[in-house]
Amino acid sequence: MNETPRANRLHIAVFGRRNAGKSSIINAITGQEVALVSEHPGTTTDPVYKAMELLPLGPVVFIDTAGLDDVGDLGKLRVKKTLGVMDKTDLALMVFSPENSDFALEKEWSKELQARKIPIIGVVNKIDIKDIDIKEIAKDFDFPFIKVSAKEGTNIGKLKEMISQNAPTNFELTALIGDILKPKSLVVLVAPQDIQAPKNRLILPQVQTIRDLLDHNCMALVAKDTELEDLLNSLNKQPDLVITDSQIFNRVSQMIPEEVPLTSFSIIMSRYKGELSTFIKGANAIDKLKPGDRVLIAEACTHHPLENDIGRQKLPALLEAKAGGKLEIDIKAGADFPEDLTPYKLILHCGACMLNRKQMLSRIIRAEQQNVPITNYGMAFAHAAGILKRATCMFEQGEGGLSSGGRHDKS
């Protein structure tokens, strides 16, 4: 894997009315004909994504959206999709056209962004057609503004500087797991290569975890569960941490001495992308499920389900065993996440490796606002195996919580 995954990039979304020049601004910033440009309003329908390196920020992804003033039945659907983009936006560019005099719609959408605590830059475009006193617009908004001409390239360099200055620094955590380990810690990764594993490569969380361990000067050993016992017997000391696929928690926990910290790739991702304490609380809600309850299983990616699929077979079977009867289970994949969550007694989410942290946190906030417990796959498997505390306690100890030599407090 040579490119930064989209989910780990700073998401910069461009909002504005139809024909305000949103696509032209993205093309000017990227120096490429990324987005389709036309004089006819409503050219952009579905959101368009463009990944690039924007120095000194690093890897980012720009999102071109449909006009906020789109009309008709299809227009309403496009605006709804644009609203959905806000859930994954780390930084917003609100594009204004000097040809307009009423900015009520921009005020409305700015409030939507600010309610999500998303920083905004106001961009007055098309100053090559009509210049305007930027103070007249900025006085009604409480975010910085800049005048540009995407067509002529005027102030595009300054806009890039403003993006760097206003981009949030906490759009993702600095580490997956290395921040709680000391240098030279020995970590064993258990990666079963079953029918659901991608051919000739590791899954994304496994790759990211290995890189994170190397970045923090730790040592990583990787084995399948069928070779785990042989690997452990070959070591002259116990590992400082074992990270496993959540689906084999039961088997691995029996092979790993109780004093050795144990967690899973999914739980690591739940901390990296979401809110660990919320997921732990949500996992405990599994015990309250009753036959007939409705459960939402949400997956960040879309994939062709194979035999014994984790989200469609393994987890439903686990939940129904706990509930003591059949449950009403809805499966949602990709961006398809319901607005109304109140019918559900529990939300079970994947590790969210394909979502950025902003989008996962937005889903968590929505669940909390509607009083619906939410947890993730790894937490559910750990809870079912009776090792949820063991699988999460190392994160409560903070940076350097796992010392070289690897023991953890069992209390």
Side-chain angles (χ1 to χ4, degrees), residues 1-68 78 81-82 85-86 88-100 106 109 113 118-132 134 137-138 143-169 171-172 354 356 358-359:
M1 177 176 290
N2 296 320
E3 295 186 356
T4 302
R6 181 196 288 178
N8 291 83
R9 294 173 178 266
L10 180 79
H11 283 50
I12 305 170
V14 186
F15 301 97
R17 296 174 188 258
R18 291 175 299 163
N19 217 28
K22 302 184 297 297
S23 301
S24 297
I25 286 174
I26 290 180
N27 289 345
I29 293 173
T30 62
Q32 302 174 38
E33 295 298 316
V34 175
L36 184 63
V37 176
S38 169
E39 294 181 359
H40 299 287
T43 303
T44 302
T45 54
D46 292 331
V48 177
Y49 296 78
K50 171 58 181 176
M52 66 171 291
E53 294 285 326
L54 184 64
L55 298 176
L57 274 179
V60 304
V61 58
F62 282 94
I63 310 174
D64 191 13
T65 64
L68 309 180
R78 293 168 185 164
K81 285 190 174 183
T82 298
V85 167
M86 291 186 181
K88 65 181 77 172
T89 300
D90 298 306
L91 174 67
L93 304 185
M94 180 63 70
V95 181
F96 296 73
S97 171
E99 299 170 305
N100 295 330
E106 287 80 358
W109 280 68
L113 290 163
I118 300 171
I120 307 170
I121 299 174
V123 184
V124 180
N125 190 25
K126 298 186 178 182
I127 59 172
D128 55 294
I129 297 176
K130 179 182 178 182
D131 202 354
I132 190 172
I134 201 170
I137 300 178
F143 46 82
F145 272 78
I146 185 172
K147 294 193 296 185
V148 306
S149 168
K151 182 179 180 180
E152 302 293 335
T154 307
N155 287 339
I156 295 300
K158 291 182 179 180
L159 174 56
K160 291 181 182 180
E161 291 178 14
M162 287 187 70
I163 290 173
S164 296
Q165 293 166 359
N166 290 274
T169 57
F171 74 97
E172 68 175 0
M354 301 305 292
N356 69 343
K358 183 77 177 184
Q359 191 173 11

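Values reported hereafter were calculated over all heavy atoms of this structure, with side chains retained and with hydrogens, waters and symmetry mates removed. If you're wondering where the values come from, they're calculated on a predicted model, not measured in any experiment.
For the atom pair OG of Ser97 and CD of Glu106, the computed distance is 9.0 Å after rounding to the nearest 0.5 Å. A distance of 6.5 Å separates CG of Leu57 from CD1 of Ile12, quoted to the nearest 0.5 Å. Atoms CG and CE, on Leu54 and Met52 in that order, are 5.0 Å from each other to the nearest 0.5 Å. Note that CE of Met162 and CD1 of Ile121 are 5.0 Å apart. Values are rounded to the nearest 0.5 Å. Taken to the nearest 0.5 Å, the CD1 atom of Ile146 stands 7.0 Å off from the NZ atom of Lys158. Within the model, atoms CZ of Arg17 and NZ of Lys22 stand 10.5 Å from one another, a figure rounded to the nearest 0.5 Å.
For Glu161, the salt bridge (charged side-chain N to carboxylate O under 4.0 Å, His left out) test picks out no residue, with sequence neighbours left out.
Of all heavy-atom pairs spanning Ala92 and Ile118, the tightest one is N-CG2, 4.0 Å. Closest of all the heavy-atom pairs between Val124 and Ile127 is O-CG2, 4.0 Å. Of all non-hydrogen atoms in Pro168 and Leu91, the two that sit nearest each other are CD-CB, 4.4 Å. Residues Gly122 and Phe96 approach most closely at CA-CE1, 4.2 Å, considering heavy atoms. Scanning both residues, Pro144 and Ile120, for their nearest heavy atoms gives CD-O, 3.6 Å. Phe15 and Met86 make their closest contact through CZ-CG, 3.8 Å (heavy atoms, listed as atom of the first residue, atom of the second, distance).
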Run the side-chain contact (heavy atoms from CB on, under 4.5 Å) check on Phe143 and Asn166 step by step: do they pass?
-> CA-CA 10 Å; Phe143 46 82; Asn166 290 274; over 6 Å; no
Carefully, step by step, assess Ile63 and Lys88 under the rule side-chain contact (heavy atoms from CB on, under 4.5 Å).
-> CA-CA 10 Å; Ile63 310 174; Lys88 65 181 77 172; 4.2 Å; yes
Tell me, with the steps shown, if Glu99 and Asn19 meet side-chain contact (heavy atoms from CB on, under 4.5 Å).
-> CA-CA 10 Å; Glu99 299 170 305; Asn19 217 28; 5.9 Å; no
Under the side-chain contact (heavy atoms from CB on, under 4.5 Å) rule, what do Glu53 and Arg9 come out as? Steps first, then yes or no, please.
-> CA-CA 9 Å; Glu53 294 285 326; Arg9 294 173 178 266; 4.3 Å; yes
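A salt bridge links Lys147 with Asp131: the closest approach of a Lys/Arg side-chain nitrogen to an acidic carboxylate oxygen falls below 4.0 angstrom.
Contact annotation: the side chain of Ile26 never approaches that of Leu93 to less than 4.5 Å [non-hydrogen atoms, C-beta and beyond]. The shortest side-chain heavy-atom distance between Lys126 and Pro98 falls under the 4.5 Å cut-off. Contact annotation: the side chain of Leu159 approaches that of Ile25 to within less than 4.5 Å [non-hydrogen atoms, C-beta and beyond].
A side-chain contact (heavy atoms from CB on, under 4.5 Å) with Ile29 is found for one member of Val14, Val60, Ile156 and no other, namely Ile156. Residue Ser149 forms a side-chain hydrogen bond (donor to acceptor under 3.5 Å, both in side chains) with just one option from Asn155, Asp128, Asn125, and that option is Asp128.
Other residues, nucleotides and ligands contribute over 12 non-hydrogen atoms within 6.0 Å of the NZ atom of Lys160.
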